[in-house]
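Report on the following structure.
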There are 2 protein chains.
Amino acid sequence: MEIKQAIEALGALAQETRLEVFRLLVTAGPEGLPAGEIAESLGAPASTLSFHLAYLSRAGLVVSRRESRSIIYSANFDGMRGLLDFLTQDCCKGRPEMCSPLVEPKPAAAARRAKTC
Amino acid sequence: MEIKQAIEALGALAQETRLEVFRLLVTAGPEGLPAGEIAESLGAPASTLSFHLAYLSRAGLVVSRRESRSIIYSANFDGMRGLLDFLTQDCCKGRPEMCSPLVEPKPAAAARRAKTC
DNA sequence: TCTATAATTCTATATTTATAGAATTATGGA
DNA sequence: TCCATAATTCTATAAATATAGAATTATAGA
């Protein structure tokens with residue numbers, strides 16, 4: 001991921017409503033949620049949400065698809081992974097020891113990671 | 001890291017000059033760089049840089065110390081790690097498989113991570 | 001103490017972002 | 001085709017951010 005793209009993604013998440021939308025979509029998984037449901041869930045007007053969803057979409061953090069009259073939004077995990085990679089490599093540039101272990105919230109995480117090693 | 005703090009850190013990095021400052025400070029390491037050198041290095045006026053450095057500082061991504069007449073800024077790796085943890089846990093909430101392996105740039109990284117497992 | 005240096009804070013201005021009602025577009029069913 | 005629903009785009013306005021010169025503060029050396 002290049003720097004311009006990273007800045008766009010960072011800016012997309014640097015706002016309360018959008019970060020909440022993203023979190024909501026992450027928990028919703030690949031099935032996603034229709035725009036209206038997201039707006040209702042956050043208690044914001046449809047036009048405001050539409051603005052934020054477009055922002056997240058431009059940033060590559062969510063994707064959308066039409067399904068009958070609804071437009072379904074879902075988290076773009078590849079996009080998020082791209083951002084995390086950018087930050088990690090940026091942060092660790094030349095000094096990898098300073099940013100790892102990246103996550104160690106509870107034993108389960110360590111076990112999970114052990115699998116991939 | 002809580003959500004307000006994460007938004008501040010994301011916002012701090014979501015701007016070209018500040019992201020460049022942070023990258024510069026990461027490569028500079030714990031010794032850091034004086035404010036003037038950072039400004040000169042980026043070709044921006046001192047007052048502009050001061051504004052951005054204060055922003056990064058508020059966000060917990062850099063720290064400063066006075067050294068004679070200079071003020072030395074350095075990357076706060078703990079702060080950055082906090083942000084990465086927040087994002088990773090947020091992104092992976094309920095579906096950890098979607099965001100790992102987080103980094104796999106070259107064999108060295110895998111070896112490095114293997115040590116921590 | 002006086003002067004030069006390093007940086008910040010003050011101030012004004014320009015730019016970008018956010019909010020939300022009104023108007024518009026797209027879809028599906030009667 | 002006509003109507004209701006789901007969303008977006010348009011528009012205006014408010015709020016936050018970014019830029020940079022001028023003034024101020026802090027430190028060190030002569």
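Convention: sequence-line order gives letters A, B, ...; per-chain numbering from 1. Only this structure's heavy atoms are used, side chains among them; waters, hydrogens and symmetry mates stay out.
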CE-CG distance between M80(B) and L87(A), expressed to the nearest 0.5 angstrom: 4.5 Å

Side chain to side chain contact (heavy atoms under 4.5 Å, CB included) with I72(A): of S70(A), S74(A), S68(A), only one passes, and it is S70(A)

Return the minimal non-hydrogen interatomic distance between L25(A) and V62(A), and the atom names on each side. CD1-CG1, 3.7 Å

Pick base, sugar-phosphate or nothing for A35(B), based on heavy-atom distances below 4.0 Å to the nucleic acid. sugar-phosphate

What's the CG-P distance between L42(A) and dA18(C), to the nearest Å? 15 Å

G-U wobble or Watson-Crick pairing nucleotide for dA20(C) (cut-off 3.5 Å, both distances): dT11(D)

If I take atom CD in residue E37(B) and atom C1' in nucleotide dA7(C), what distance separates them, rounded to the nearest angstrom? 14 Å

Give a yes/no answer on whether the side chain of H52(B) brings an N or O atom under 4.0 Å of OP1 or OP2 in dT19(D). yes

May I ask you to evaluate whether R18(B) reaches the phosphate of dA18(D), defined as a side-chain N or O under 4.0 Å from OP1 or OP2? yes

Take the protein atom CZ of R66(A) and the nucleotide atom P of dT5(D), then report the distance between them rounded to whole Å. 16 Å

Distance, rounded to the nearest Å, where R69(B) contributes CZ and dT24(D) contributes C1': 17 Å

Considering only heavy side-chain atoms of I71(A), the closest of dA18(D), dA7(D), dA18(C) is dA7(D)

Are OP1 or OP2 of dT19(D) and a side-chain N or O of Q15(B) less than 4.0 angstrom apart? yes

For P45(A) and for S68(A), locate the closest nucleotide of DNA chain C by heavy-atom distance; then report the residue assigned to the nucleotide nearer the 5' terminus. P45(A)

Nearest-0.5 Å distance that lies between atom CD1 in I71(B) and atom CD1 in I38(B): 11.0 Å

dT8(C) phosphate, OP1 or OP2: any side-chain N/O from S47(B) under 4.0 angstrom? no

Distance test, side-chain N/O of Y55(B) to OP1/OP2 of dT8(C), below 4.0 Å: no

dist L10(A):CG -> F86(A):CZ (nearest 0.5 Å) comes out at 7.5 Å

Rounded to the nearest Å, what distance is computed from the CZ atom of residue F51(B) to the P atom of nucleotide dA16(D)? 13 Å

Rounded to the nearest Å, what distance is computed from the CD atom of residue E20(B) to the P atom of nucleotide dT19(D)? 11 Å

Identify whether any heavy atom of T48(B) sits under 4.0 Å from a base atom; if not, whether one sits that close to sugar-phosphate; answer base, sugar-phosphate or nothing. base

Interatomic distance where CG belongs to L49(A) and P belongs to dT19(C) [whole Å]: 10 Å

Starting from P on dA7(C), measure out to CD1 on I38(B) and report it in whole angstrom. 9 Å

